[in-house]
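All heavy atoms count here, side chains included; hydrogens, waters and symmetry mates do not. One-based numbering, in listed order, for ligands and for the atoms of each.
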Amino acid sequence: MKHLTIVGGGWAGLAAAVRATDLGWQVRLLEAAPALGGRARRIHHQGLVLDNGPHLLIGAYTHTLALMQKLGLDTERLFWRMPLNLRNPQGIGLELPDLPAPWNLLWGVAGANALDWRDKLALLGVATRWQRAGFVCTPGMSVVELCAGLRPRVLSHLIEPLCVSALNTPMDQACATVFLRVLRDALYSGPGSADFLLPRSDMSALLPDAALTWLRAHGAHVELGQHQKICPTAQHAGDAVLLACPAWEAARLTQTVNPDWSAQAAQLSHQGIATVYLRRPLSSEGHGPAHEQGHAVLPRPMLALDSGPKAPAQFVFDRGALSGDPAQRGILAAVVSACQGEREHVTPLVRAQIENQLGLPDLQVITTVVERRATFSCTPGLVRPGARIGPGLWACGDHVQGPYPATLEGAVRSGLEVVDQLTQG
Ligand SMILES: Cc1cc2nc3c(=O)[nH]c(=O)nc-3n(C[C@H](O)[C@H](O)[C@H](O)COP(=O)(O)OP(=O)(O)OC[C@H]3O[C@@H](n4cnc5c(N)ncnc54)[C@H](O)[C@@H]3O)c2cc1C
């Protein structure tokens with residue numbers, strides 16, 4: 001039996017471990033942290049179960065959903081599914097009806113109430129051009145350049161929220177090629193591909209817990225608290241090592257093994273994400289229609305927000321409505337994508353933003369989680385490191401060359417694909 005050592009138990013490493021075990025490798029997975037999941041995992045705070053950051057999946061995450069099903073998870077029950085909806089509390093923004101493409105887009109744009117008919121025609125014209133060109137554009141273009149001809153309010157109400165939620169990079173710095181690829185897959189991968197899938201559970205229950213159980217049941221060795229300070233080497237011919245740790249760690253581990261690969265991984269810059277957890281005092285009642293047993297605070301379990309320098313959050317999730325768990329009742333998670341600010345600066349701004357925009361007074365701050373290196377900056381012309389580092393040494397993760405920005409689907413696909421490659425030699 002050939003041995004595969006995997007360094008890192010985030011979603012990429014877990015996907016790789018499951019695929020390799022299935023293909024007959026003897027897998028040893030070494031994870032530095034006391035728990036699996038990497039950037040998409042549960043955290044505990046003062047007796048509460050929260051996430052390192054709430055995640056939004058879409059129907060086009062086919063590999064991630066298939067992996068969950070393979071692990072025995074019921075993806076229908078795990079998610080709150082709703083058609084793409086980027087409307088703010090005032091109802092401004094894009095909402096796609098539950099129709100097949102391109103009718104969903106036509107209907108959604110026609111109903112975008114902040115736009116006049118010239119904006120709508122311009123947007124549909126641009127979208128038609130993108131589709132005719134096969135969702136491919138000149139390499140090196142930014143999203144703002146791609147959208148030249150659209151007026152500022154179209155950019156701010158429609159393009160910017162889509163871009164920041166998908167690429168976690170502001171649209172003037174974001175790669176148009178990747179943006180178009182995400183749009184293509186979201187809009188044209190079949191019914192429901194653009195749907196939002198909002199996790200009802202914490203992020204560890206969404207995949208890492210089940211992966212750990214499955215891997216151990218299938219003979220893989222999973223070792224937690226094993227921070228690798230030097231790059232492991234393959235012991236026998238045919239064995240392999242897979243670095244499934246983030247770019248900066250993979251760069252450090254490969255400095256002497258393959259300096260060029262290491263330099264390419266090290267040059268990636270990153271964007272932060274901050275999550276401000278707030279709680280509506282438990283004595284108050286939810287002000288919107290109750291989704292589940294009166295646990296809802298918001299009119300929908302996820303709302304887009306009007307954002308700007310003084311109101312930095314773009315989205316807010318209602319954890320009580322999503323989970324139906326009394327312990328989560330009244331807990332809101334407000335997300336600041338492409339976050340530059342410090343915790344002390346961001347927290348009061350977000351609290352005031354939610355209070356003002358949603359009319360929810362007296363919110364208590366539970367905690368703010370700041371991930372400084374949440375995703376790589378998905379900039380035009382970016383060259384990402386490849387999966388092959390050297391003989392018997394491979395890499396996977398959301399940062400490794402691939403069509404997607406730093407997402408769960410990008411991580412999972414990378415983990416699955418690298419195992420197919422290293423199995424072929
Ligand atoms: C706050 C936040 C919100 C996000 N929101 C979304 C979203 O809504 N939708 C979406 O699709 N994506 C989202 N993402 C991105 C998504 O979480 C990542 O793309 C994905 O989790 C990356 O997985 P990975 O396995 O490539 O890397 P990681 O999750 O970083 O996993 C790497 C693992 O390697 C381990 N490790 C590191 N160094 C070593 C070492 N030396 N030895 C052993 N182990 C090591 C780490 O502990 C970690 O467990 C978000 C990310 C964050 C941080």
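In terms of protein heavy-atom proximity, atom 44 (N) of ligand 1 is nearest to Ala32 N, 3.1 Å. At the shortest separation from atom 18 (C) of ligand 1 among protein heavy atoms lies Asp398 OD2, 3.4 Å. Protein heavy atom closest to atom 31 (O) of ligand 1, with residue, atom name and distance, is Gly10 CA, 3.3 Å. Nearest protein heavy-atom neighbour of atom 25 (O) of ligand 1: Ala12 N, 3.0 Å. Among protein heavy atoms, atom 11 (O) of ligand 1 sits closest to Tyr61 OH, 2.7 Å. With respect to atom 35 (C) of ligand 1, the closest heavy atom belonging to the protein is Glu31 OE1, 3.3 Å. Shortest contact from atom 36 (N) of ligand 1 to any protein heavy atom: Cys245 CB, 3.8 Å. The nearest heavy-atom contact from the protein to atom 16 (C) of ligand 1 is His55 NE2, 3.7 Å.
Distances between N or O atoms of Gly53 and those of ligand 1 include no value under 3.5 Å. Annotation: Glu409 places no N or O atom under 3.5 Å from an N or O atom of ligand 1; distance criterion only. Considering backbone and side-chain N/O atoms, Arg39 comes within less than 3.5 Å of an N/O atom of ligand 1. Below 3.5 Å of separation, one finds no N or O of Ala374 facing any N or O of ligand 1.
Using a 4.0 Å cut-off between heavy atoms, Gln228 contacts ligand 1 through both its backbone and its side chain. The proximity of Leu14 to ligand 1, defined as any non-hydrogen pair under 4.0 Å, does not occur for either the backbone or the side chain. Residue-level proximity to ligand 1 for Cys396 is absent, since no heavy atom of it falls below 4.0 angstrom.
Between the side chains of Glu371 and Asn52, at least one donor N or O lies within less than 3.5 Å of an accepting N or O. For the residue pair Gln235 and His3, no side-chain donor N or O sits within less than 3.5 Å of a side-chain acceptor on the partner.
Using modelled atom types, no side-chain atom of Thr275 and backbone atom of Gly53 make a donor-acceptor pair closer than 3.5 Å. Judged by distance alone, the side chain of Thr169 and the main-chain N or O of Ser377 form no donor-acceptor pair under 3.5 Å. Within the 3.5 Å criterion, the main-chain N or O of Trp214 finds a donor-acceptor partner in the side chain of His218. Between the Gln353 side chain and the Ala313 main chain, a donor and an acceptor come within less than 3.5 Å of each other.
Separation of atoms CD (Glu223) and CD1 (Ile6) is listed at 12.0 Å; rounding is to 0.5 Å. Interatomic distance, OG1 of Thr367 versus CZ of Arg343, reported as 6.5 Å (0.5 Å rounding). Within the model, atoms CG of Leu253 and CD1 of Ile230 stand 9.0 Å from one another, a figure rounded to the nearest 0.5 Å. A distance of 10.5 Å separates CD in Gln401 from OG in Ser414, rounded to the nearest 0.5 Å.
Of the candidates Arg372, Gln271, His270, Glu249, the one placing a heavy atom closest to atom 38 (N) of ligand 1 is Glu249. When the heavy-atom distances from atom 1 (C) of ligand 1 to Ile6, Ile273, Thr375 are ranked, the shortest goes to Ile273.
The distance from ligand 1 to the heavy atoms of Pro246 drops below 4.0 Å at these ligand atoms: 30 (O), 32 (C), 34 (O), 37 (C). Distances below 4.0 Å separate heavy atoms of Ala244 from the following atoms of ligand 1: 32 (C), 33 (C), 34 (O). Remark: ligand 1 atoms within the under-4.0 Å shell around heavy atoms of Gly397 are 26 (O). The Leu30 neighbourhood of ligand 1 comprises atoms 43 (C), 44 (N), with distances under 4.0 Å to a heavy atom of that residue. Every atom of ligand 1 with a heavy atom of Gln226 under 4.0 Å away is listed here by number and element: 42 (N), 43 (C). Shown in contact with Ala406 at under 4.0 Å from a heavy atom are these atoms of ligand 1, numbered in order with element: 15 (C), 19 (O). Taking every non-hydrogen atom of Val7 and a distance limit under 4.0 Å, the qualifying atoms of ligand 1 come out as 40 (C), 42 (N), 43 (C). Under a 4.0 Å criterion applied to the non-hydrogen atoms of Glu371, ligand 1 contributes the atoms 53 (C).
Ring geometry for Tyr188 against Phe135 counts as tilted: the plane angle lies between 30° and 60°, on a 0 to 90° scale.
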From CA spacing to verdict: salt bridge (charged side-chain N to carboxylate O under 4.0 Å, His left out), Asp202, Arg41: CA-CA 7 Å; Asp202 65 67; Arg41 65 173 200 287; over 6 Å; no
Go through the steps to decide whether Leu105 and Leu187 satisfy the test side chain to side chain contact (heavy atoms under 4.5 Å, CB included), and finish with yes or no. CA-CA 8 Å; Leu105 188 63; Leu187 292 174; 4.2 Å; yes
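With Phe79 as the aromatic partner, Arg200 does not meet the cation-pi criteria of under 6.0 angstrom to the ring centre and within 45 degrees of the ring axis.
Remark: of the listed residues Arg413, Arg384, Arg39, Arg39 is the sole one forming a side chain to side chain donor-acceptor pair (under 3.5 Å) with Asp398.
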